[in-house]
Amino acid sequence: MTKNLQTGISTTGMTRRNMLKTTAAAALIGAVKTAFPSGAFAAGAGPEVTGVKLGFIALTDSAPLIIAKEKGFFDKHGLPETDVAKQASWGATRDNLVLGGAANGIDGAHILSPLPYLMHTGKVTQNNKPVPMAILARLNLDSQGISVAKEYAETGVQLDSSKLKAAFEKKKAEGKEIKAAMTFPGGTHDLWIRYWLAAGGIDPNKDVSTIVVPPPQMVANMKVGNMDVFCVGEPWNEQLVNQGIGFTAATTGELWKGHPEKALGLRAEWIEKNPNAAKALLMAVMEAQQWCESMDNKAEMADILGKRQWFNVPTKDVLGRLKGDINYGNGREVKATDLYMKFWKDGASYPFKSHDTWFMTENIRWGNLPASTDIKALVNQVNREDVWREAAKDLGVAAADIPASSSRGKETFFDGKVFDPENPSAYLDSLSIKAVA
């Protein structure tokens with residue numbers, strides 16, 4: 001079982017009672033859509049509201065929301081009162097989404113792609129109460145990192161985590177605990193570090209203890225020896241290297257090139273009550289993603305993100321990996337790689353259903369969702385790629401930038417494993433280390 005020091009939520013499999021509540025969530029979605037059918041306000045002269053309350057975590061992939069605020073894209077699309085508020089952790093993001101904007105929480109957020117699903121099923125909410133959620137867009141591809149404490153530098157560990165096995169076994173024989181930190185159980189960082197460890201023959205459920213640490217606290221915790229390895233987004237891996245505390249073994253783009261990462265998630269009820277505003281919000285974020293994609297804007301973007309009210313970090317901690325310049329901190333340094341964060345290129349903004357299918361499959365793999373989960377039905381409830389397509393059309397997005405299908409097809413990982421979204425069970429069967437039978 002994952003030790004969740006941040007959320008206090010159990011990460012064991014879903015009970016029959018929770019399964020019934022998942023069904024209840026689907027029923028509630030249907031009721032909400034009946035009461036507020038999409039397009040009900042289509043005759044209106046624009047957004048139904050003048051703003052939306054959004055949350056973000058201090059991670060580079062929150063940039064589209066921050067840039068939309070700083071560069072006036074929210075204003076341009078009729079949402080001048082949009083608030084983009086910093087959240088202390090993913091647990092806080094979840095709690096504020098449960099409250100909703102009307103109750104001094106938030107309506108939507110820059111969020112770990114699996115988290116809306118875990119909330120929608122009631123998996124990570126108080127009393128397992130489902131909170132109907134929706135994903136409107138992906139915010140980025142690639143550029144997270146798996147970093148390791150300096151004490152393991154001599155192992156030479158990079159993409160192959162098996163180089164840590166002997167060192168971990170030695171430390172455990174001395175009675176010490178091996179701690180692998182991620183940012184939320186079942187979230188992207190949890191899945192990346194688990195995949196990396198398991199690919200090298202290290203069982204994340206047996207050979208290490210996984211702990212939850214909010215992204216901005218990763219470097220400080222590594223500095224005082226609270227963890228051996230961690231997975232988090234930028235700028236925290238780069239800051240770790242800049243401070244000489246540890247090194248990056250691999251970036252997540254090396255595990256799965258062009259992988260999906262964060263999403264724009266909103267309460268389903270808010271979208272159905274405010275369909276025009278939801279589309280306006282999405283258009284503002286999409287324009288911001290296009291701005292973020294340009295290499296000409298990277299330096300300015302790093303300056304903006306580094307500001308006190310946003311990340312409160314030196315610009316240098318943000319800029320390098322934003323451009324694809326990676327100092328791994330172990331003597332390996334590369335320039336102008338294609339491992340930089342994509343905000344628009346390669347369909348980065350479009351929320352492929354096939355990608356959400358992988359996230360759900362991995363959550364089944366590690367026991368966060370029951371094996372009986374109807375993945376396709378769940379993805380169809382939460383993923384609102386239809387709204388993305390409407391927004392893209394109204395924004396005048398080039399046809400070449402609008403995916404023809406909601407599936408990106410088969411995906412191949414660094415260890416040769418292949419995920420076919422049409423056959424998730426075959427993928428699960430191919431994995432030797434997993435919690436599910």
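Because the structure is a prediction, the values reported are computed rather than measured.
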K.L.:
Check each of Val131, Leu264, Val382 against Pro116 using the side-chain contact (heavy atoms from CB on, under 4.5 Å) test, and report the only one that passes.
P.N.:
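Between Pro116 and the candidates, side-chain contact (heavy atoms from CB on, under 4.5 Å) is satisfied uniquely by Val382.
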
K.L.:
Any salt bridge linking Arg332 with Glu254? Criterion: basic side-chain nitrogen under 4.0 Å from a carboxylate oxygen.
P.N.:
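Salt bridge flag = yes for Glu254 with Arg332.
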
K.L.:
Indicate whether any N or O donor in one side chain lies under 3.5 Å from an N or O acceptor in the other, for Thr188 and Glu261.
P.N.:
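Present: a donor and an acceptor within the cut-off.
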
K.L.:
Classify the ring geometry of Trp256 against His355: parallel below 30°, tilted from 30° to 60°, perpendicular beyond 60°.
P.N.:
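Correct class here is perpendicular.
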
K.L.:
Please tell me whether Trp358 and His259 form a close aromatic pair, meaning their ring centres lie under 6.0 Å apart.
P.N.:
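For Trp358 and His259, the ring centres are not under 6.0 Å apart.
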
K.L.:
So does Cys292 get a backbone contact from the side chain of Lys298, meaning a donor-acceptor N/O pair under 3.5 Å?
P.N.:
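Side chain of Lys298 to backbone of Cys292, a donor-acceptor pair under 3.5 Å: yes, one is there.
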
K.L.:
Return the orientation label for the Phe419 and Tyr427 ring planes: parallel under 30°, perpendicular over 60°, tilted otherwise.
P.N.:
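It falls in the perpendicular class, over 60°.
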
K.L.:
Whether the Ser209 and Glu177 side chains hold a donor-acceptor pair (N or O, under 3.5 Å, no angle test) is what I'd like checked.
P.N.:
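Side-chain D/A pair, Ser209 to Glu177: present.
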
K.L.:
So does Asp356 pair up with Arg138, basic N to acidic O under 4.0 Å?
P.N.:
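So Asp356 pairs with Arg138 through a salt bridge.
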
K.L.:
Give a yes or no on whether the ring-centroid distance for Phe168 and Tyr152 is below 6.0 angstrom.
P.N.:
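Yes; Tyr152 has its ring centre under 6.0 Å from that of Phe168.
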
K.L.:
Taking the six-membered ring for Trp and the full ring for Phe, Tyr or His, determine whether the centres of Tyr117 and Phe359 are under 6.0 Å apart.
P.N.:
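No, they do not, as the ring centres are separated by 6.0 Å or more.
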
K.L.:
Answer yes or no: is there a donor N or O on one side and an acceptor on the other, between the side chain of Asp325 and the main chain of Ala336, under 3.5 Å?
P.N.:
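Yes, the answer is positive, given that a donor and an acceptor are paired below the 3.5 Å cut-off.
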
K.L.:
Between Lys257 and Asp338, is the closest basic N to carboxylate O distance under 4.0 Å?
P.N.:
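Answer for the salt bridge query: yes.
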
